[in-house]
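This report refers to the structure that appears directly beneath it.
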Amino acid sequence: MGSQSDWETMRHADAILNEFGIPHETRIVSAHRTPDRLADYARTAAERGLCVIIAGAGGAAHLPGMCAAWTRLPVLGVPVESRALKGMDSLLSIVQMPGGVPVGTLAIGAAGAKNAALLATSIMALQNPELAARLDAWRAVQTASVADTPVTENE
Ligand code: RP5
């Protein structure tokens, strides 16, 4: 993520990866404030054995795109909700990559962070039948938790 302030959003990705027992690392790497750290991180990611990078950033959110420029690993971008523009700036910064350097862009905010982790899990599950079974089970639990009819709350 680009800043400590992104953790409130990105912790939702961390929680899902923990739930699935997927080893991962969480780092603050800013495209603007720590450009050398970003270059080192992304350039060495594949050789260090990482499979997918989830990059969350807000505002002029160049982190996912620059990350994708430095690595062939799949990069999933999470637009963090910004105070000024509610994350529309983050979304457009991340999603509008030029052809040739893809970033898989998720929804703004916590839902995007959660789904980035689930999408990373799906990607990992392609080569891991045991993880695929756990993902299927997780989705079945989610399906079973949805009621057929609504109830009135706080009347
Ligand atoms: C971006 O600027 C970060 O990803 C963060 O979402 C935003 C604001 O950062 P802080 O000023 O809170 O550190 O680089």
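Below, each value reflects all heavy atoms present in this structure, side chains not excepted, and no hydrogens, waters or symmetry copies. Start at 1 and go down the list; that is how both ligands and their atoms are numbered.
Between the side chain of Asn128 and the backbone N or O of Met124 there is no donor-acceptor pair closer than 3.5 Å. Under the 3.5 Å distance criterion, the side-chain polar atoms of Ser93 are matched with a main-chain donor or acceptor of Gly59. Formation of a donor-acceptor pair under 3.5 Å by the Thr149 side chain with backbone atoms of Ala147 is not found in this model. The closest donor-acceptor contact from the side chain of Thr9 to the backbone of Ala110 lies at 3.5 Å or more, if one exists at all.
A side-chain contact (heavy atoms from CB on, under 4.5 Å) with Asp14 is found for exactly one of Ile16, Asn18, Leu17, namely Asn18.
Aromatic ring orientation, Phe20 versus Trp138: tilted (interplanar angle from 30° to 60°).
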Tabulate distances under 3.5 Å between N/O atoms of ligand 1 and N/O atoms of the protein, writing both atom names on each line.
{"unit_1": "ligand 1", "atom_1": "4 (O)", "unit_2": "Asp6", "atom_2": "OD1", "d": "3.4"}
{"unit_1": "ligand 1", "atom_1": "4 (O)", "unit_2": "Asp6", "atom_2": "OD2", "d": "2.6"}
{"unit_1": "ligand 1", "atom_1": "4 (O)", "unit_2": "Gly58", "atom_2": "N", "d": "3.0"}
{"unit_1": "ligand 1", "atom_1": "6 (O)", "unit_2": "Asp6", "atom_2": "OD1", "d": "2.6"}
{"unit_1": "ligand 1", "atom_1": "6 (O)", "unit_2": "Gly58", "atom_2": "N", "d": "3.0"}
{"unit_1": "ligand 1", "atom_1": "11 (O)", "unit_2": "Arg33", "atom_2": "NH2", "d": "3.1"}
{"unit_1": "ligand 1", "atom_1": "12 (O)", "unit_2": "Ser5", "atom_2": "OG", "d": "2.7"}
{"unit_1": "ligand 1", "atom_1": "13 (O)", "unit_2": "Ser3", "atom_2": "OG", "d": "2.6"}
{"unit_1": "ligand 1", "atom_1": "13 (O)", "unit_2": "Arg33", "atom_2": "NH1", "d": "2.6"}

